[in-house]
Amino acid sequence: MSECIFCRIAAGSLPARVVYQDDQAVAFEDVNPQAPVHLLVIPRKHIPNLLGVGEEDEALGGHLMRVACQVAREKGVAESGFRVVANINRDAGQSVDHLHLHVLGGRGLGWPPG
Ligand code: 5GP
Ligand code: ZN
C-alpha cells in the first residue's frame, strides 16, 4: 500500500469527499478548507508536483485543468471567479508531495497571495 495520502485517496483506501473522478483524475474537498469552495484535483498517477510533469504527461496536465474548471462550474463559482493554485516545494508551502491543483472560490481572493 502506498504511503502517499493522495494515492490512497485516489485508490479509495483513504476516505475523502470525492466530487468527481475518472480514469485519470480525482477531485475532492480539501479537509481544511481556506474558502467556501476548496477542492483538490489530482492525477491518479503519482507525480510529486508540477516539476515532475514530463512530456508524456502533457495531455494529463490539460485534463487536470479541464477537471478543475468543471468542478468549479458545478460548485457555482465559475462565473463569480475562482483561483487554481499549485504549490511547489518549500517556499510555496507544499505539504503533500503528490501533484494537486487547489480550486478556491466563493469569496473574494486577495492578490498577491501571501
Ligand atoms: P499543499 O499545502 O501541499 O499545497 O496542499 C495540501 C492540501 O491537502 C492542504 O490544503 C490540506 O488541507 C489538504 N489535505 C492534507 N491531507 C488531507 C487529507 O487527508 N484529506 C483531504 N481531503 N485533504 C487533505
Ligand atoms: Zn501519490
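Just so you know, residue 1 is the first one in the sequence shown, and it goes up from there. Counting starts at 1 for both ligands and their atoms, in listed order.
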Q: Considering only heavy atoms of Gln94, which atoms of ligand 1 have at least one such atom less than 4.0 Å away?
A: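 Reading through ligand 1 atom by atom, the close ones are 3 (O).
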Q: At what distance is the nearest protein heavy atom to atom 8 (O) of ligand 1, and which residue and atom is it?
A: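 Result: Phe6 CZ, 3.5 Å.
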Q: Check Arg73 against Ala78 and note the closest heavy-atom contact, atom names and distance.
A: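 Looking at all heavy atoms of both residues, the shortest contact is CG-CB, 3.6 Å.
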Q: Can you find a non-hydrogen atom of Gly93 under 4.0 Å from ligand 1?
A: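 For ligand 1, residue contact (heavy atoms, under 4.0 Å) with Gly93 is present.
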Q: Determine whether Asn49 and Asn89 satisfy the following criterion, side chain to side chain donor-acceptor pair (under 3.5 Å), listing intermediate values before the conclusion.
A: CA-CA 8 Å; Asn49 62 38; Asn89 286 342; 3.3 Å; yes
Q: Determine whether the side chain, the backbone, both or neither of Ser95 has a heavy atom under 4.0 Å from any heavy atom of ligand 1.
A: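 It is both parts that get close, each with some atom under 4.0 Å.
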Q: What part of Ile5, side chain, backbone, both or neither, has a heavy atom within less than 4.0 angstrom of ligand 1?
A: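 Side chain only; the backbone of Ile5 stays clear of ligand 1.
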Q: If you have a sec, read the angle at the Zn ion (ligand 2) from Cys4 atom SG over to Cys7 atom SG, to 10 degrees.
A: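 If I round to 10°, I get 120°.
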Q: Taking distance alone, with N or O pairs closer than 3.5 Å, would you say His38 contacts ligand 1?
A: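 Looking only at distances, the answer is no, because the N/O contact criterion of under 3.5 Å is not met.
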Q: Can you tell me if Arg17 has a non-hydrogen atom under 4.0 Å from ligand 1?
A: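 Not so, Arg17 does not reach ligand 1.
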Q: To the nearest 10°, how many degrees is the angle His98 ND1 to the Zn ion (ligand 2) to His46 ND1?
A: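 Output for this angle: 110°, rounded to tens.
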Q: Nearest heavy-atom pair of Val41 and Ala68: which atoms, and what distance?
A: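 Residues Val41 and Ala68, closest heavy atoms: CG2-CA, 4.0 Å.
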Q: Would Gln34 count as a contact residue for ligand 1, given that I'm defining contact as a non-hydrogen atom of the residue lying under 4.0 Å from a ligand atom?
A: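 No, Gln34 has no heavy atoms under 4.0 Å from ligand 1.
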Q: Short list, please: which atoms of ligand 1 are under 4.0 Å from a heavy atom of Ile9?
A: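 Result: 20 (N).
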Q: Give the atom numbers and elements of ligand 1 that come within less than 4.0 Å of a heavy atom of Phe28.
A: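 What qualifies from ligand 1 is 21 (C), 22 (N).
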Q: Is there a donor-acceptor pair under 3.5 Å between the side chain of Gln94 and the backbone N or O of Pro48?
A: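 Confirmed, Gln94 side chain pairs with Pro48 backbone.
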Q: Among all protein non-hydrogen atoms, which one is nearest to atom 17 (C) of ligand 1, and what is the separation to 0.1 Å?
A: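 Atom 17 (C) of ligand 1 sits closest to the protein heavy atom Val31 CG1, 3.7 Å.
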Q: More than 12 foreign heavy atoms under 6.0 Å from CD of Glu56: is that the case here?
A: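 Counting other residues, nucleotides and ligands, CD of Glu56 exceeds 12 neighbours.
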Q: Which of these, Leu99, Leu101, Asp57, sits in a side-chain contact (heavy atoms from CB on, under 4.5 Å) with Pro43?
A: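 The passing option is Leu99.
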Q: Could you tell me which atoms of ligand 1, counted from 1 in the order shown, lie closer than 4.0 angstrom to a heavy atom of Asn32?
A: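 This gives 12 (O) as the contact atoms.
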Q: May I ask you to identify the nearest protein heavy atom to atom 22 (N) of ligand 1, giving residue, atom name and distance to one decimal place in Å?
A: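 The closest one turns out to be Glu29 O, 2.9 Å.
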Q: Residue-level breakdown please: for Leu40 versus ligand 1, do any non-hydrogen atoms fall below 4.0 Å on the side chain, on the backbone, on both, or on neither?
A: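 For Leu40, the contact with ligand 1 is made by the side chain alone.
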Q: Which protein heavy atom lies closest to atom 7 (C) of ligand 1, and at what distance to 0.1 Å?
A: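 Result: Asp30 OD2, 3.4 Å.
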Q: Which residue supplies the protein heavy atom nearest to atom 5 (O) of ligand 1, what is that atom called, and how far is it?
A: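 So the nearest neighbour among protein heavy atoms is His100 NE2, 3.0 Å.
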Q: Nearest heavy-atom pair of Ala35 and Leu104: which atoms, and what distance?
A: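 Looking at all heavy atoms of both residues, the closest pair is CB-CD2, 4.1 Å.
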Q: Report the C-alpha distance between Val26 and Phe6 in whole Å, list the side-chain angles of each, state the deciding distance to 0.1 Å, and finish with yes or no for side-chain contact (heavy atoms from CB on, under 4.5 Å).
A: CA-CA 10 Å; Val26 182; Phe6 286 0; over 6 Å; no
Q: Please evaluate residues His63 and Asp22 with respect to the criterion side chain to side chain donor-acceptor pair (under 3.5 Å), reporting the C-alpha separation (whole Å), side-chain torsions for both, the decisive distance (0.1 Å), and the verdict.
A: CA-CA 11 Å; His63 184 64; Asp22 61 28; 2.7 Å; yes
Q: When the ring centroid of His98 is compared with that of His100, is the distance short of 6.0 Å?
A: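 No, they do not, as the ring centres are separated by 6.0 Å or more.
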Q: Restricting to non-hydrogen atoms, name the atom on Asp30 and the atom on Asn32 that form the minimum distance, rounded to 0.1 Å.
A: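 Taking Asp30 first and Asn32 second, the nearest heavy atoms are OD1-N, 2.8 Å.
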